[in-house]
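Report on the structure given below.
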Amino acid sequence: MPIPPDAFFLDHAAGLPLQVQLRRQIIAAVTAGRFRAGEKLPSTRALARHLGVARVTVAQAFAELVSTDYLASRDRSGHYISDSIERRLEAEAPAPATPRFDWDSQIEGRFARAQRTDRERDWRRFAYPFVYGQADPALVDHAAWRDCAMRALGRREFDSLTGDLYDADDPELVDHIARQILPRRGISAGRDEILLTMGAQNALWLVAQVLLRPGASCAVEDPSYPGQREILLASRARILPVPVDARGLPPDAIPPGVAAVFTTASHQCPTNSTMPLARRKELLARAQAQGFAVVEDDYEFEMSFAGAPSPALKAIDRAGAVIYIGSFSKSVFPGVRLGYVVADPRVIAEARALRGMVLRHPPGHMQRTLAHFLSLGHYDAQANRMRRAYARRREVMLAAIAREGLRLASPEATGGSSFWLATPEGVDSSALALRLKARGVLIEGGAAFFAQPARGRGFFRLAYSSISAERIPEGIRRIAEALQEQDQGAPPPES
């Protein structure tokens, strides 16, 4: 690709000859690697016109660079970065290092410190990726999504997509969420009670910012979703972990004086246990009596394999204390990055104002494409296809787990797209994950899910959304083999 004229700039007031400026600019770009061997420069006429200088000024600068082998001139073709420049740069002595700006004194670094580092970005290259939250492209209706995207780009709708919505959302998508998605969870909401977000993570961040002042206390499940803990740590709230049991979060263990309680009542993350109706009612009664908000992350309600799912907390909330968070990441695909918050209009108005300061609104084209995906029935068809595939994978994984003697930490869990397992006594799941990675198997160690990471060493999560049913048995066999070796004291592989 040719180097465009706007890659160059001259300061006519600098007092330095323009030809020298241009020559130095090209040398600096070559040395820094921005201009590479073989790339074509603009013509002298085009570059002179862009820079507002005489053509001879550019021609003389190019000629000087040809003589020093930075450029090569080709008859009737133009000027190119010299093919020999890379060898020349390697042979040259490095320039004296310029003292770097002291960013450590300017940046606190608390966001980077809170971020997880145990996830494999290039997970697709592994043969047995038991990775949570990733999609199997084979289950996504690519043709339907493409058709919906093309509809959104049609002339009739394109004008509305090119504008800035300020703090508004696509009315068609909001309408479909209100009429098609929320009623399945027993939730009734008006337009002023729904806010679109860039996925559940963005929704959690907005809610935390609106609810929690610095120093405020909030209760969270332990173990819980690591991304939620990252957000709460960054908010500088006081986080009070509440250990979960086989029925999820116990309301009577919530500490006094909290401003909010964060829960995954339908599919507790990561154990997949479901909070029974009686406990849900007790939680709402305590919220009313003690004056705390309840943030319900209903991240995977579509994946229930034991009859109808329980009603959402929001569905039985008569006082309006529940803030409900949903996402399309699991039911469509993670890259869609669209979710929503359902709450009292005053909460939504505040969150909308905050979202407007940060990103205005999610991309209009993505919103309208998803609206078509819902209205044309593709969403339901894909959710049903995923549910059937996941049910089959779940069956295969359960059989493999039983056959290989692995131990479920939450045997009563009936939903979700993953299993929560316990290691044998004394076996560290982080070391297990490292050993398995060398064998083409990816698992999630339990440490990231706990407020005290050491408590998670005896647990790990296996997801089946990103691995085919055919590969599951061999992957489980390799896990069992690695567990046996580690239990017998075999040294772990080098990282």
Side-chain angles (χ1 to χ4, degrees), residues 115-140 199-201 223-230 264 267-272 297 299-300 302-303 327-337 386-387 389-398 400-401 404 406 408-410 413 415-423 429-450 453 456 459-483 493 495:
Q115 193 174 35
R116 287 180 69 180
T117 58
D118 62 330
R119 290 176 292 190
E120 177 62 49
R121 294 181 185 273
D122 193 17
W123 61 270
R124 289 181 179 84
R125 69 182 177 87
F126 290 83
Y128 307 98
F130 295 101
V131 179
Y132 183 81
Q134 295 291 356
D136 181 351
L139 300 178
V140 177
Q201 189 82 358
S224 64
Y225 172 47
Q228 174 186 278
R229 190 179 305 107
E230 292 173 359
T264 49
H267 292 125
Q268 201 282 324
C269 176
T271 68
N272 286 318
D297 183 359
Y299 64 98
E300 208 171 37
E302 304 93 342
M303 298 303 134
S327 170
F328 293 100
S329 293
K330 308 296 185 298
S331 53
V332 182
F333 50 82
V336 74
R337 300 315 315 149
M386 286 182 167
R387 197 176 292 114
Y390 288 175
R392 170 62 180 154
R393 295 177 189 185
R394 182 180 183 85
E395 179 184 357
V396 170
M397 188 176 284
L398 270 174
I401 286 172
E404 300 295 344
L406 273 60
L408 292 170
S410 300
S417 59
S418 64
F419 288 102
W420 186 240
L421 289 91
T423 66
S429 62
S430 297
L432 174 66
L434 185 62
R435 182 185 299 276
L436 286 168
K437 193 173 179 180
R439 303 181 187 189
V441 182
L442 288 182
I443 68 170
E444 280 186 281
F449 297 91
F450 285 84
F459 300 95
F460 63 101
R461 182 165 70 173
L462 296 182
Y464 46 82
S465 61
S466 54
I467 184 171
S468 66
E470 293 73 24
R471 287 186 172 270
I472 288 173
E474 173 60 19
I476 298 296
R477 188 197 68 76
R478 295 188 183 201
I479 294 171
E481 181 181 67
L483 274 170
S495 59

side-chain contact (heavy atoms from CB on, under 4.5 Å) partners of [X], counting only residues at least two apart:
X: Pro334; result: Gln134, Ala135
X: Ala480; result: Glu404, Leu406
X: Ser418; result: Tyr132, Asn272, Arg461, Ala463
X: Arg392; result: Glu395, Val396, Ala469

What do the steps show when you test Leu398 against Leu408 for side-chain contact (heavy atoms from CB on, under 4.5 Å), and what is the final call? CA-CA 9 Å; Leu398 270 174; Leu408 292 170; 3.9 Å; yes
By ring pair (Phe, Tyr, Trp, His ring centres under 6.0 Å) - contacts of Phe333 (at least two apart):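 Partners of Phe333 under the ring pair (Phe, Tyr, Trp, His ring centres under 6.0 Å) test: Trp145.
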Residues forming a ring pair (Phe, Tyr, Trp, His ring centres under 6.0 Å) with Phe449, sequence neighbours excluded: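 Only Trp420 meet the ring pair (Phe, Tyr, Trp, His ring centres under 6.0 Å) criterion with Phe449.
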What pairs with [X] under side chain to side chain donor-acceptor pair (under 3.5 Å), at least two apart in sequence or on another chain?
X: Arg121; answer: none
X: Ser465; answer: none
X: Arg229; answer: Ser224
X: Ser329; answer: Ser327

Once salt bridge (Lys or Arg N to Asp or Glu O under 4.0 Å) is applied, do any residues pair with Arg477, and if so which ones, sequence neighbours excluded?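 If we apply the salt bridge (Lys or Arg N to Asp or Glu O under 4.0 Å) test to Arg477, skipping adjacent residues, the hits are Glu474, Glu481.
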Geometric cation-pi criterion Arg393 and Tyr464, 6.0 Å radius, 45° cone: no
For the residue pair Arg124 and Pro129, establish whether any side-chain heavy-atom pair is separated by less than 4.5 Å.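 They are not in side-chain contact.
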Working note: Arg337 + Phe328, criterion side-chain contact (heavy atoms from CB on, under 4.5 Å); need CA distance, chi angles, decisive distance, verdict. CA-CA 7 Å; Arg337 300 315 315 149; Phe328 293 100; over 6 Å; no
Expected output: side-chain Gln268 to main-chain Thr271 donor-acceptor under 3.5 Å: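 Yes; at least one donor-acceptor contact below 3.5 Å.
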Please determine whether side-chain contact (heavy atoms from CB on, under 4.5 Å) holds for the pair Tyr299 and Cys269, giving the CA-CA distance in whole Å, both sets of side-chain angles, and the decisive distance to 0.1 Å. CA-CA 9 Å; Tyr299 64 98; Cys269 176; 3.6 Å; yes
Run the numbers on Phe130 and Phe460 for side-chain contact (heavy atoms from CB on, under 4.5 Å), then give the verdict. CA-CA 11 Å; Phe130 295 101; Phe460 63 101; over 6 Å; no
Polar side chain donor-acceptor pair, Glu230 to Tyr225, under 3.5 angstrom: no
